[in-house]
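Scope of the values below: all heavy atoms of this structure, side chains included, with no hydrogens, waters or symmetry mates.
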Amino acid sequence: MKGGYANRILRVNLTKGSIKKEKLENDLLETYLGGKGLAARLLYDELKPGVDPLGPENKLFFATGPLTGTIVPASPKYDVTFKSPLTGIYAESQSGGSFAVALKKAGYDALVVEGRAERPVYLHINDENVEIRDADHLWGFDTFETDDFLKSELGDEGFKIASIGPAGERLVRFACIKNDYWRSAGRCGAGAVMGSKKLKAIAVKGTGSVTVAEEGDLRESVQEILERIKTDPLTSKNYPVYGTPAVVNSTNLQGVFPTQYWHKSFLEGYEKVNAEALRSKILVKNWACYGCPISCGKYCEVKEGPYAGTKGVGPEFETIYSFGGLCEIDSLEAIAKFNEICNEAGLDTISAGNAVAFAMDAYERGALKSDMPIRFGDPDIVIRLLEMITKRDGVGNLLAEGVKRASENLGVNDLAIHVKGLEPAGYDPRGLKGMGLAYAVSPRGACHLRAVFYPTELSSHPTHPTFDRLSMGLEKVPFMIDWENRFAVMDSMVLCRFGRTIYNWTTLAKVYSQVTGVKVSESLLKEAGERIVTLARMFNIREGLSRKDDMLPQRFFREPVPSGPSQGQIVDRNGFEKMLEKYYEIRGWDEEGKPTGETLTKLRLK
């Protein structure tokens, strides 16, 4: 290919201390695009079924995409794919900032980390110069300290750092990887996998450039994209002005904001923690990832009160939901403090907030015994529990295993809210029926980003239809599948999900063709998206998953929303099963959710 790719994998084996640079064939890149697609194929090919996610046989596949490091807007992300220590199945997470661009400009489409070091180490990547270096002196540092210390030690601010904090070192199953201080490969426990390998950090500096096949045509396309970003309501106003906290209002006003550990779906006093409150109380300035014109990040600082001195990008909507809603805390300053603690420790805020709220619910129901009262609405208890989870101390050791394992240990499985072991994001499926299906079929568990179906049920937008949020109509299913396929392609290129209203199939085909010089049609990209989604399904089937696992927590079928705009709503079991069957049918999977031979042949997966 003429552009877009470095055509190389950097492979590091920590057990052997070996470093290899391998050639990537064009056929593999064209078939799987890069990013998520490439990493998913490598994961499937290189991991044996049943490996321990925290054992040396698990691998981390960091992958950039063909658009990474180019002038295409909203393309600064990397994908990391692995077998999850939280769920035991396929896992991937994406993160923005500038780390991905550094890795790509150093000359690598992917970094594969395998094996386990005997002592803490970090990877030093400076273009062609790659070394495994001692990190004993870094072990125990939080993510901010690690970033600062490494840049100082290397004497070069040009290095971009991805690291784990104490949570990853102690193998908290929902520990994340942090880079550029404020960005996270957040979900499914990638930080715990790094910790299990004794890999504290990756320091990357890339001074090369990314070749583009049709530079003039690409510049014209980018100008069109930038004009669209300036006029689209999401990218011109919602994200730049309010950021993701804008969703606090819409979810509460429609009664789908999970509260009191999923027993309620409306937070009294949500106005205290919404986007307007953030802007008036703690916002300092906007913050953007590398080369991104949207600037969704909100750098905030708490200047007075018990949490004075708290600062950083966020809290995002999901952090406000998980700690504000689930824990029933309406102090934005306190939530900002929880966000800071999680950033330093390297904790996924969605799973962490769910774990803390689960503990509150279990304690108040008598299922969890504790010397200290663990009650809803207490910020001090949240801080204490986050510290205990990070240190795996006392009840924190139980919660560090995630909600699924904690509930099984306590014998309260029906209390736990998760799908396939992953705690959900902030959208109650009792009031957003399409999101229920999206949670159930996501390959990594209760994920809101694989299909991103909630905007079609919450709000109107010129680029997509608006569905009745309470309907379980089958017309939702093909649309959701099309979005799943498109987002699989975006995660492979790798593009930010906040460009979802900008990058339709036509635009994706155009920019990919102009960057790589390989002319692709919309239909070929759609097939690639379907292939990538199906490959992730095949990995999970190999690990033992079937239809029974594409299921929502039973509480959503049995426990009606008690009050608010979605009062009385449950997920109708019969309607859910029909949607699931339609999903399988359109995907070309059999009644157990297994891709048919015909489907595998069509997608070149047989």
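Using a 4.5 Å heavy-atom cutoff, the side chains of Phe498 and Thr235 are not in contact. No side-chain heavy atom of Thr31 sits less than 4.5 Å from a side-chain heavy atom of Arg41. Using a 4.5 Å heavy-atom threshold, the side chains of Ser566 and Ser265 count as touching. The side-chain heavy atoms of Met472 and Val571, taken from C-beta on, include a pair separated by under 4.5 Å. Considering only heavy atoms from C-beta on, Glu581 stays 4.5 Å or farther from Leu474 through its side chain. Inter-residue side-chain proximity for Lys433 and Arg469 is flagged as unmet; no heavy-atom pair is nearer than 4.5 Å. Annotation: side chain of Trp589 is not in contact with side chain of Val441 (no heavy-atom distance under 4.5 Å). Side chains of Lys582 and Glu577 form no contact here, defined as non-hydrogen atoms less than 4.5 Å apart.
For Thr259 and Glu328, the side-chain atoms include no donor-acceptor pair closer than 3.5 Å. No side-chain donor-acceptor contact under 3.5 Å links Ser407 and Asn413. At a cut-off of 3.5 Å, with distance as the only test, no side-chain donor of Thr251 or Asn249 sits close to an acceptor on the other residue. No side-chain N or O of Lys36 forms a donor-acceptor pair with one of Gln94 less than 3.5 Å apart. A donor-acceptor contact under 3.5 angstrom links the side chains of Thr599 and Thr596, judged on distance only. Between Asn274 and Arg279, the side chains place no donor N or O within less than 3.5 Å of an acceptor N or O (distance only, hydrogens not considered). A donor and an acceptor atom, one from each side chain of Trp262 and Asn354, are located under 3.5 Å apart.
Expressed to the nearest 0.5 Å, how far OG of Ser331 lies from CZ of Phe338 amounts to 7.0 Å.
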Stepwise salt bridge (Lys or Arg N to Asp or Glu O under 4.0 Å) check, Glu401 with Arg173 | CA-CA 6 Å; Glu401 293 292 294; Arg173 289 184 185 269; 2.8 Å; yes
Go through Gln260 and Met360 one step at a time and tell me if the side chain to side chain contact (heavy atoms under 4.5 Å, CB included) criterion holds.
-> CA-CA 9 Å; Gln260 198 187 73; Met360 292 172 169; over 6 Å; no
Side chain to side chain contact (heavy atoms under 4.5 Å, CB included) evaluation trace for Thr466 with Leu458 = CA-CA 8 Å; Thr466 303; Leu458 278 175; over 6 Å; no
Are Arg450 and Asp491 close enough, and set up right, to give a salt bridge (Lys or Arg N to Asp or Glu O under 4.0 Å), and what steps lead you there?
-> CA-CA 9 Å; Arg450 304 285 71 76; Asp491 287 341; 3.3 Å; yes
Worked check of side chain to side chain contact (heavy atoms under 4.5 Å, CB included) between Arg444 and Lys420 | CA-CA 7 Å; Arg444 68 177 190 175; Lys420 301 181 178 80; over 6 Å; no
Check against side chain to side chain contact (heavy atoms under 4.5 Å, CB included), Glu543 and Met538 | CA-CA 9 Å; Glu543 293 297 327; Met538 290 169 63; over 6 Å; no
Starting from the C-alpha separation in whole Å, work towards a yes-or-no answer on salt bridge (Lys or Arg N to Asp or Glu O under 4.0 Å) for Glu527 and Lys602.
-> CA-CA 9 Å; Glu527 181 182 295; Lys602 181 188 76 170; over 6 Å; no
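Screening Phe557, Tyr439, Tyr583 against Phe576 for a ring pair (Phe, Tyr, Trp, His ring centres under 6.0 Å) leaves a single residue, Phe557.
Ring geometry, Tyr321 versus Phe257: the interplanar angle exceeds 60°, so the pair is classed perpendicular (tilted spans 30 to 60°).
For the pair Glu423 and Ser351, the tightest heavy-atom approach, listed with the atom from each and the gap, is OE1-OG, 2.6 Å. Heavy-atom minimum distance, Thr349 versus Asn339: CG2-OD1, 4.0 Å. Summarising the geometry of Phe479 relative to His464, their closest heavy-atom pair is CZ-CB, 3.7 Å, with the distance given to 0.1 Å. The minimum heavy-atom distance between Pro245 and Pro315, with the atom names listed, is CG-O, 3.6 Å.
Judged purely by atom type and a 3.5 angstrom limit, Arg228 uses its side chain to pair as donor or acceptor with the backbone of Ile502. Side chain of Arg430 to main chain of Arg555: no donor-acceptor pair is present (N/O by atom type, distance under 3.5 Å, no hydrogens or angles).
Taking the six-membered ring for Trp and the full ring otherwise, the centers of Tyr363 and Phe376 sit at least 6.0 Å from each other. Taking the six-membered ring for Trp and the full ring otherwise, the centers of Tyr427 and Phe453 sit at least 6.0 Å from each other.
Remark: Arg500 fails to qualify as a cation-pi partner of Phe487 under the 6.0 Å distance and 45° angle criteria applied to the six-membered ring.
Note on Lys264 versus Asp428: no salt bridge recorded, every NZ/NE/NH1/NH2 to OD/OE distance being 4.0 Å or above.
Residues passing the side chain to side chain contact (heavy atoms under 4.5 Å, CB included) test with Ile541, sequence neighbours excluded: Arg537, Lys594, Pro595.
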